[in-house]
Amino acid sequence: MTSVWQGHRVSVVFPAYNEEAGIASAVRDFGAVDAVDEVLVVDNNSRDGTADRARDAGARVVQESRQGYGHALRRGLAEAQGEYVVLAEPDGTFMGRDVLKLLPYADDFDLVLGTRTTRELIWHGANMGWQLRWGNWIVAKLLQVLFGGPSLSDCGCTLRLIRRSAAERLLPRFTVGGSHFLPEMVCLALLQGQRLVEVPVNYRDRVGRSKITGSMGTALRVGLRMVGLILRYRAFGK
Ligand SMILES: Nc1nc2c(ncn2[C@@H]2O[C@H](COP(=O)(O)OP(=O)(O)OP(=O)(O)O)[C@@H](O)[C@H]2O)c(=O)[nH]1
Ligand SMILES: [Mg+2]
């Protein structure tokens, strides 16, 4: 895996907690994209064969002991070596080739966010029923309105690209280690004057067991924590 996107090295980061069912094919799928130089798996205390399978499939694996989706992504952002860092999930929901939808905007934006709320790109069987779709949209719109744009339609899409230089400005400011991490990235980036844009991406059915939005109760709790976080950043800027 040695190629570059217009002179920029590209890393893909997978946060992984017990994802042995899908991790090998995800590493291969994203690693097969010509522009991708490195697939980095952040193993978050998995008790199954996640780390071994990721390594066998060609990924670099780092261990993050602080449990949580946010902790795993923050570690990935700190460890990734590319100038462009793509966050994704190794559960079969995202497609490697969609990295190519994000990259063309990376010249002009610090962050290129995927959105999973475009109906035509939600696959049959994907966990994106109307409640989740509207929930993600409403929280995204709250963020958009309170922070004065840009246009946002999904607050929970892991698939996103960030420039290394932009990530380095955010890393010391992150406070969230849990499942409501993504809006913190957006709030902090907007407060720092970073440039953001959103791009529609495919969203498919999951391989393996769901940990966050598979249960409506958990999804609702995460959504409320996101709203609290957004209001706090708007009110106090921290
Ligand atoms: N929930 C959770 N996920 C973690 C953790 N550490 C890493 N992850 C990874 O974060 C990603 C998000 O979790 P998912 O269970 O896929 O949650 P989701 O994407 O909201 O919902 P589904 O894909 O429908 O299950 C997965 O790749 C997990 O393996 C953790 O401590 N908790
Ligand atoms: Mg998932």
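Read the numbers this way: they start at 1 and go in the same order the structure lists the ligands and their atoms.
Distances under 2.8 Å from the Mg ion (ligand 2) pick out the protein N/O/S atoms E89 OE1, D91 OD2.
Looking only at distances, no side-chain donor or acceptor of D110 sits under 3.5 Å from a matching main-chain atom of A166. With hydrogens and angles disregarded, a donor-acceptor distance shorter than 3.5 Å links the side chain of D98 to the backbone of N202. Panel note: side chain E20, backbone G49; a donor-acceptor pair is recorded below 3.5 Å. In this structure, the side chain of R169 does not engage the main chain of A189 through any donor-acceptor pair within 3.5 Å. Using modelled atom types, one side-chain atom of E198 and one backbone atom of S153 make a donor-acceptor pair closer than 3.5 Å. Checking side-chain atoms of R74 against main-chain N and O of L171 turns up no donor-acceptor pair under 3.5 Å.
When each atom of ligand 1 is checked for a heavy atom of A16 under 4.0 Å away, the hits are 7 (C), 29 (O). Short contacts between ligand 1 and D91, defined as distances under 4.0 Å to a heavy atom of the residue, involve ligand atoms 16 (O), 23 (O). Below 4.0 Å from some heavy atom of R206 lie the following atoms of ligand 1, by number and element: 14 (P), 15 (O), 16 (O), 22 (P), 23 (O), 25 (O). Counting atoms of ligand 1 from 1 in the listed order, those under 4.0 Å from a heavy atom of N44 are 5 (C), 6 (N), 7 (C), 30 (C), 31 (O). Less than 4.0 angstrom separates some heavy atom of E19 from each of these atoms of ligand 1: 26 (C), 27 (O), 28 (C), 29 (O).
Not one N or O of S179 is nearer than 3.5 Å to an N or O of ligand 1, by distance alone. In terms of polar-atom proximity, A72 is not counted as a contact of ligand 1, lacking any N or O under 3.5 Å from an N or O of the ligand. Considering backbone and side-chain atoms together, R209 places no N or O closer than 3.5 Å to any N or O of ligand 1. The N/O atoms of E89, backbone and side chain alike, include one that comes under 3.5 Å of an N/O atom in ligand 1.
Summarising the geometry of A16 relative to S46, their closest heavy-atom pair is O-OG, 3.4 Å, with the distance given to 0.1 Å.
Remark: minimum distance from atom 3 (N) of ligand 1 to any protein heavy atom is reached at Y69 CB, 4.2 Å. For atom 31 (O) of ligand 1, the nearest non-hydrogen atom of the protein is Q67 NE2, 2.6 Å. Shortest contact from atom 8 (N) of ligand 1 to any protein heavy atom: Y17 CB, 3.8 Å. Closest to atom 15 (O) of ligand 1 among all protein heavy atoms lies K211 N, 2.7 Å. Residue, atom and distance of the protein heavy atom nearest to atom 20 (O) of ligand 1 are T213 OG1, 3.0 Å. In terms of protein heavy atoms, atom 24 (O) of ligand 1 is closest to N127 ND2, 3.2 Å. Atom 13 (O) of ligand 1 has its closest protein heavy atom at I212 CD1, 3.7 Å. Among protein heavy atoms, atom 9 (C) of ligand 1 sits closest to P15 O, 3.5 Å.
For F174 and F181, the distance between ring centers is under 6.0 angstrom. Ring pair F94/F30: centre-to-centre distance not below 6.0 Å.
Note: I230 CD1 to L142 CG = 5.0 Å, rounded to the nearest 0.5 Å. The distance from the CG atom of L190 to the CZ atom of R195 is 13.0 Å, given to the nearest 0.5 Å.
Under a hydrophobic-cluster definition in which Ile, Leu, Val, Met, Phe, Trp and Tyr are linked whenever side-chain heavy atoms come within less than 4.5 Å, directly or via other members, L229 and L224 are assigned to different clusters.
Using a 4.5 Å heavy-atom cutoff, the side chains of K211 and Y69 are not in contact.
By the 6.0 Å contact criterion, CZ on R209 is open, its count of non-hydrogen atoms from other residues, nucleotides or ligands being 12 or less.
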